[in-house]
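For reference, the structure discussed in these notes is given below.
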Number of protein chains: 4
Amino acid sequence: MTKFKVGIVGATGYTGSELIRLLSQHPDITIDFVTSETHAGKHISDIHPHLMDAVDIKLKSIQKISDYKPDLVFLALPHGVSMNFIKDHGIDRFITIDLSGDFRFSNQSVYEKWYKKDHVAPKYLDEAVFGLPELFRDKIRNARLIANPGCYPTSAILALAPLLKHGIVHPSSIVIDSKSGVTGAGAKPKQGTHFPDVFGNFTAYSLATHRHTPEIEETLRQYTGYSTEVLFTPHLLPIDRGILTTTYSTPKKSVSSDVIEDLFHSIYEKENFVRVFDHPPSVKNVRGSNYCDIHAVYDERTNKIITISTIDNLMKGAAGQAVQNMNIVFGLIESTGLRQIPLNP
Amino acid sequence: MTKFKVGIVGATGYTGSELIRLLSQHPDITIDFVTSETHAGKHISDIHPHLMDAVDIKLKSIQKISDYKPDLVFLALPHGVSMNFIKDHGIDRFITIDLSGDFRFSNQSVYEKWYKKDHVAPKYLDEAVFGLPELFRDKIRNARLIANPGCYPTSAILALAPLLKHGIVHPSSIVIDSKSGVTGAGAKPKQGTHFPDVFGNFTAYSLATHRHTPEIEETLRQYTGYSTEVLFTPHLLPIDRGILTTTYSTPKKSVSSDVIEDLFHSIYEKENFVRVFDHPPSVKNVRGSNYCDIHAVYDERTNKIITISTIDNLMKGAAGQAVQNMNIVFGLIESTGLRQIPLNP
Amino acid sequence: MTKFKVGIVGATGYTGSELIRLLSQHPDITIDFVTSETHAGKHISDIHPHLMDAVDIKLKSIQKISDYKPDLVFLALPHGVSMNFIKDHGIDRFITIDLSGDFRFSNQSVYEKWYKKDHVAPKYLDEAVFGLPELFRDKIRNARLIANPGCYPTSAILALAPLLKHGIVHPSSIVIDSKSGVTGAGAKPKQGTHFPDVFGNFTAYSLATHRHTPEIEETLRQYTGYSTEVLFTPHLLPIDRGILTTTYSTPKKSVSSDVIEDLFHSIYEKENFVRVFDHPPSVKNVRGSNYCDIHAVYDERTNKIITISTIDNLMKGAAGQAVQNMNIVFGLIESTGLRQIPLNP
Amino acid sequence: MTKFKVGIVGATGYTGSELIRLLSQHPDITIDFVTSETHAGKHISDIHPHLMDAVDIKLKSIQKISDYKPDLVFLALPHGVSMNFIKDHGIDRFITIDLSGDFRFSNQSVYEKWYKKDHVAPKYLDEAVFGLPELFRDKIRNARLIANPGCYPTSAILALAPLLKHGIVHPSSIVIDSKSGVTGAGAKPKQGTHFPDVFGNFTAYSLATHRHTPEIEETLRQYTGYSTEVLFTPHLLPIDRGILTTTYSTPKKSVSSDVIEDLFHSIYEKENFVRVFDHPPSVKNVRGSNYCDIHAVYDERTNKIITISTIDNLMKGAAGQAVQNMNIVFGLIESTGLRQIPLNP
């Protein structure tokens with residue numbers, strides 16, 4: 001079989017290096033190019049020493065990508081930068097999977113309100129498919145532009161979608177209490193991610209104002225056909241990788257823990273990357289893998305459903321999910337190149 | 001001034017060693033005795049090397065305490081063991097501050113249901129005062145038996161009490177999402193607290209079944225005069241010390257973040273150990289100190305009030321609060337010996 | 001090609017679960033059986049939840065292994081237990097790779113002195129080949145019993161062997177200062193590996209008495225043909241995986257950093273799993289992989305050679321190296337199934 | 001007694017905030033002023049929230065210090081900045097304790113070689129006393145300018161000084177292998193101290209080139225009267241606070257572990273802040289305190305003496321030692337305000 005050719009735009013960040021880790025071992029693709037403006041000309045292991053010997057790639061400037069004819073390009077760029085790339089390159093020459101938040105909303109004004117900037121390529125918003133395979137696999141198959149989901153939303157939506165789709169819970173007063181490792185904040189040093197500030201510490205941030213809120217709500221609306229309202233609170237965990245999300249919702253009718261567990265099993269039984277647990281999962285059990293582990297219980301005393309879900313934010317929350325989307329759009333077996341077993345301990 | 005004499009029963013655990021750290025530098029008391037059955041005869045620094053030179057104490061067997069006439073005894077014993085001590089020693093010879101859960105409920109059946117064991121000294125349940133000074137200072141002053149609060153309840157109750165006492169929020173559907181460092185699980189090695197199991201990890205446990213649930217509900221009922229129902233979810237943080245608790249509740253009437261912040265300021269302004277923040281607190285800002293830091297906001301979009309509160313679970317969540325109770329019952333200035341500044345970074 | 005059949009004796013420990021992670025994805029072998037006495041009958045994911053869905057294995061009692069005809073068996077057993085297995089099963093029915101220390105010495109008295117126990121199967125000591133492929137590949141190829149090296153020795157020997165083999169440094173007064181993550185101490189909870197005891201902590205242990213000392217000396221003697229004397233000091237790092245070893249030795253004649261770096265490059269250039277760095281390596285750059293990264297410099301001022309080497313103690317220090325040995329003894333390409341790229345960050 | 005007035009120049013760094021933690025509770029001094037150029041006008045808790053309520057200080061610009069008449073000023077400034085302050089202010093108006101490296105060498109050329117910059121106030125180098133009380137207490141008593149030692153040197157010198165002073169070991173071929181927590185690298189975010197880069201990681205740096213090397217050698221020469229040559233290798237520990245230093249040296253004559261332990265006991269028995277251990281110390285046993293814990297053993301097999309010493313780098317390695325020096329120069333009891341018991345766990 002001829003291998004598919006893919007490019008990666010943006011090599012210095014964590015999603016970039018994680019994409020390289022995955023794609024360099026993917027049997028059905030070749031990496032056509034990897035770009036970095038600050039490090040063009042260097043070898044990838046000059047900036048990511050862990051890749052030495054394992055990956056043989058020289059970084060290019062983005063100026064050079066017209067020399068290539070990739071089938072697909074991953075944009076591992078910051079929010080606000082991806083849309084400029086799409087504006088310049090369009091979606092005809094190659095399929096694009098954008099790992100930023102720039103094309104996750106069909107509604108331009110929602111983007112502009114929560115990201116506090118004008119959208120420069122709004123005409124592509126309608127084209128973009130939200131790349132959560134478990135919910136939108138059919139649309140992804142034919143997409144030219146895939147908006148890869150945010151890390152928090154992936155963990156929350158996979159836990160809530162079954163409950164909402166099947167009318168189990170009220171679509172309001174849903175509480176999402178999420179906890180993320182520090183790689184979610186990116187590779188660039190900041191005061192809030194300085195080691196002594198995070199070590200032995202734990203905190204909440206962006207109370208009621210985090211922009212993953214509308215991403216969760218919009219996606220659930222698109223999936224269920226009706227509006228859902230969530231209160232989302234992110235917290236910073238003193239670990240490198242991993243998200244654990246706890247949700248609280250209220251049943252509309254009589255349920256039991258067994259009924260709910262059965263529902264999750266039946267919905268996700270054919271999925272490669274969702275594992276339904278009979279006990280609360282922990283983030284280390286998905287480290288380095290593309291799994292999302294979920295546990296759900298009903299508390300009769302307070303009449304609430306609790307879900308706990310975990311992902312590796314750089315895998316199912318970013319690069320792993322992007323490769324899963326690539327496999328779908330290329331018509332490959334969805335788990336190709338994504339069978340990494342979690343690294344535990 | 002003659003110094004008060006106090007004894008500590010149980011030296012090997014974390015609350016025991018933390019009590020020694022605090023009491024050995026307290027200006028108004030002397031440590032009469034410290035007991036340990038497994039280490040009787042040894043020097044305290046043989047089991048807690050960090051105390052070497054700093055503290056000069058030889059451990060006694062509990063059999064020897066009849067030789068002493070302490071004014072007050074701290075019980076740093078496991079749940080289920082303290083009540084035997086009280087059964088044997090009563091409350092007449094000395095005041096007792098019990099750091100276990102054995103006397104935190106006035107209702108024997110609630111204890112027996114959630115702790116799954118018979119209570120052997122039920123006649124003292126009515127005598128016991130719940131030792132949360134900010135709520136029950138007047139009762140503590142005259143108590144003979146003080147039930148020192150659990151760590152999670154302290155963080156949750158101090159955040160919710162103002163909202164409930166002043167009728168701001170509905171006393172039902174309250175969600176308490178708590179995250180605790182590992183010292184909360186005690187000094188004894190277990191699989192779940194083995195370093196490689198916890199490092200880089202994060203998990204939830206005891207969903208809807210943790211026994212701090214009724215402690216929170218009972219205490220709030222006692223304080224407000226009416227019933228409150230909470231759903232409490234504990235999580236295990238990969239740090240040694242610290243609890244952060246996030247609560248979600250629904251206002252009964254129109255409020256604003258400013259109104260709520262003002263309420264917290266007015267209620268806690270005279271308290272030595274509660275600090276009201278205008279931003280989310282982090283656990284490292286209370287490390288090693290007796291502070292509880294609280295932040296509260298109102299989210300108009302979802303009509304919810306969010307609180308974030310932090311404590312050092314071994315201090316305000318255990319030994320620090322116990323010393324605070326001791327100061328009150330001895331008529332000392334409440335902050336005596338408790339002015340440790342948080343250790344950050 | 002017919003696949004080789006292998007068995008794993010001992011599934012509960014870290015080396016056992018890491019072997020399963022590697023072997024379940026190895027293209028040329030099938031896992032015949034995995035044993036556990038305490039968990040026989042359970043599914044592997046009941047004790048290692050991270051393997052759920054990814055690995056489908058039921059645990060057997062060791063009593064059952066006569067039902068199987070494996071080509072090779074891995075012993076993931078504690079020191080002192082492996083030798084009983086060999087005593088009972090011999091080395092004729094299948095090749096054995098022992099991950100314990102029981103067969104790492106040709107000299108029985110050295111074993112008995114440093115491990116403080118009698119050897120029950122001394123007649124196999126001569127048969128055993130020390131499984132460090134970079135030094136003893138030819139012997140490993142024909143071995144029936146392979147003693148997989150200790151984690152500390154692997155990191156130290158790969159750094160020192162070139163210097164000693166080529167007569168660069170004096171074979172005495174060599175200092176080896178090693179630092180290891182906690183998984184090196186095993187999966188069983190102990191006080192010294194209790195999370196609050198290790199978190200934020202760092203300590204040295206077994207000063208001048210650690211049994212990896214003779215393993216390093218014996219192996220270097222066997223490789224070079226003359227005696228070497230080392231002073232080995234292990235330290236406990238507050239991380240899960242990884243060893244970093246710093247060595248100090250004295251040149252016998254005039255050298256330079258360039259000469260030494262060239263020497264390491266020439267010796268290791270054809271090796272799959274040794275990477276020679278021009279700067280000090282860090283343990284996270286080998287996490288989850290079978291690499292050993294090495295850097296060596298000469299300090300003219302003090303006339304010392306310093307080497308820094310890193311491995312993942314569960315991979316190149318245990319399970320990864322065992323699979324590498326298996327590949328050699330089976331005549332497979334040595335890197336088969338071992339191309340995991342380090343997980344960083 | 002009238003309290004002494006002290007000023008702190010530089011409030012934003014870790015040594016600044018730690019000085020404030022200590023001095024705000026010191027019974028014999030008042031804090032006259034604390035300066036910060038970037039935060040002048042703000043309250044100290046605006047930049048160090050853990051100090052809220054506990055410390056009531058408004059930050060001043062350094063321009064304002066002519067308004068004050070302090071008895072002593074602490075310089076918590078970066079290397080290369082302190083010397084400008086001394087150049088401008090001299091040493092007549094107040095005693096100065098400089099926590100940077102600018103005045104730790106009597107020899108200007110040594111400073112300029114290792115710090116790679118010109119010294120702007122060389123005439124004060126002779127005036128400066130190296131502020132390691134256990135070695136130079138008498139000189140400190142009358143000093144006008146005290147060069148507070150570096151963190152690594154404090155841990156190494158206290159371990160080696162007894163052995164060298166008493167002629168026990170050869171003053172050459174001494175290896176110092178040190179491991180430090182991240183606060184030693186300062187409060188300013190850098191790539192090398194970004195949380196995901198340090199978490200789960202461990203590395204060596206500045207091999208044979210760290211500028212604490214000459215500080216250790218010069219100080220030991222000054223103390224013993226003859227030259228010592230050391231090879232110093234620093235490593236970065238993934239913790240916030242703490243240094244552990246392992247040294248290796250060669251006896252000149254027959255010794256034993258007992259003889260060495262006795263020597264350390266006799267030398268340090270009257271010291272407040274040095275604890276001689278009969279087992280290897282760990283960094284958490286000194287966390288938040290001014291202790292230096294030391295253990296020394298002799299290995300007959302290799303004829304080496306090993307020492308392990310630990311300090312909290314921000315306390316005995318910086319702010320704590322600075323306050324100890326202040327107490328000496330003010331004629332106070334040396335341990336005043338420094339009796340913090342280590343925070344463990």
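Note: B:Pro281 leads B:Pro281, B:Gly181, B:Pro238 in heavy-atom pairs under 4.5 Å with chain A. Top candidate by heavy-atom pairs under 4.5 Å with chain A, chosen from B:Pro345, B:Ala208, B:Gly242, is B:Ala208. Put simply, of A:Val230, A:Leu236, A:Val297, A:Leu207, the one with the most heavy-atom pairs under 4.5 Å next to chain B is A:Leu207.
The distance from atom CG of A:Leu237 to atom CD1 of B:Ile239, rounded to the nearest 0.5 Å, is 9.5 Å.
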Geometric donor-acceptor pairs, no angle filter, chain A-chain B, under 3.5 Å:
unit_1: A:Asp177; atom_1: OD1; unit_2: B:Lys179; atom_2: NZ; d: 3.1
unit_1: A:Asp177; atom_1: OD2; unit_2: B:Lys179; atom_2: NZ; d: 3.4
unit_1: A:Asp177; atom_1: OD2; unit_2: B:Tyr248; atom_2: OH; d: 2.6
unit_1: A:Lys179; atom_1: NZ; unit_2: B:Asp177; atom_2: OD1; d: 3.1
unit_1: A:Lys179; atom_1: NZ; unit_2: B:Asp177; atom_2: OD2; d: 3.4
unit_1: A:Lys179; atom_1: NZ; unit_2: B:His235; atom_2: NE2; d: 3.3
unit_1: A:Pro196; atom_1: O; unit_2: B:Lys284; atom_2: NZ; d: 2.7
unit_1: A:Phe199; atom_1: O; unit_2: B:Lys284; atom_2: NZ; d: 2.7
unit_1: A:Asn201; atom_1: OD1; unit_2: B:Val283; atom_2: N; d: 3.2
unit_1: A:Asn201; atom_1: OD1; unit_2: B:Lys284; atom_2: N; d: 2.9
unit_1: A:Phe202; atom_1: O; unit_2: B:Val283; atom_2: N; d: 3.1
unit_1: A:Thr203; atom_1: OG1; unit_2: B:Pro281; atom_2: O; d: 3.1
unit_1: A:Glu217; atom_1: OE1; unit_2: B:Arg301; atom_2: NH1; d: 3.1
unit_1: A:Glu217; atom_1: OE2; unit_2: B:Arg301; atom_2: NH1; d: 2.9
unit_1: A:Glu217; atom_1: OE2; unit_2: B:Arg301; atom_2: NH2; d: 3.0
unit_1: A:Val230; atom_1: O; unit_2: B:Arg301; atom_2: NH2; d: 2.8
unit_1: A:Thr233; atom_1: OG1; unit_2: B:Tyr248; atom_2: OH; d: 2.9
unit_1: A:His235; atom_1: NE2; unit_2: B:Lys179; atom_2: NZ; d: 3.3
unit_1: A:His235; atom_1: NE2; unit_2: B:Thr246; atom_2: OG1; d: 2.9
unit_1: A:Thr246; atom_1: OG1; unit_2: B:His235; atom_2: NE2; d: 2.9
unit_1: A:Tyr248; atom_1: OH; unit_2: B:Asp177; atom_2: OD2; d: 2.6
unit_1: A:Tyr248; atom_1: OH; unit_2: B:Thr233; atom_2: OG1; d: 2.9
unit_1: A:Pro281; atom_1: O; unit_2: B:Thr203; atom_2: OG1; d: 3.1
unit_1: A:Val283; atom_1: N; unit_2: B:Asn201; atom_2: OD1; d: 3.2
unit_1: A:Val283; atom_1: N; unit_2: B:Phe202; atom_2: O; d: 3.1
unit_1: A:Lys284; atom_1: N; unit_2: B:Asn201; atom_2: OD1; d: 2.9
unit_1: A:Lys284; atom_1: NZ; unit_2: B:Pro196; atom_2: O; d: 2.7
unit_1: A:Lys284; atom_1: NZ; unit_2: B:Phe199; atom_2: O; d: 2.7
unit_1: A:Arg301; atom_1: NH1; unit_2: B:Glu217; atom_2: OE1; d: 3.1
unit_1: A:Arg301; atom_1: NH1; unit_2: B:Glu217; atom_2: OE2; d: 2.9
unit_1: A:Arg301; atom_1: NH2; unit_2: B:Glu217; atom_2: OE2; d: 3.0
unit_1: A:Arg301; atom_1: NH2; unit_2: B:Val230; atom_2: O; d: 2.8

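Minimum interatomic distance between A:Val283 and B:Gly200 (heavy atoms only, all atoms of both residues): CG2-O, 3.8 Å.
When heavy atoms are compared at a cutoff of 4.5 Å, A:Leu231 approaches chain B by way of both its backbone and its side chain.
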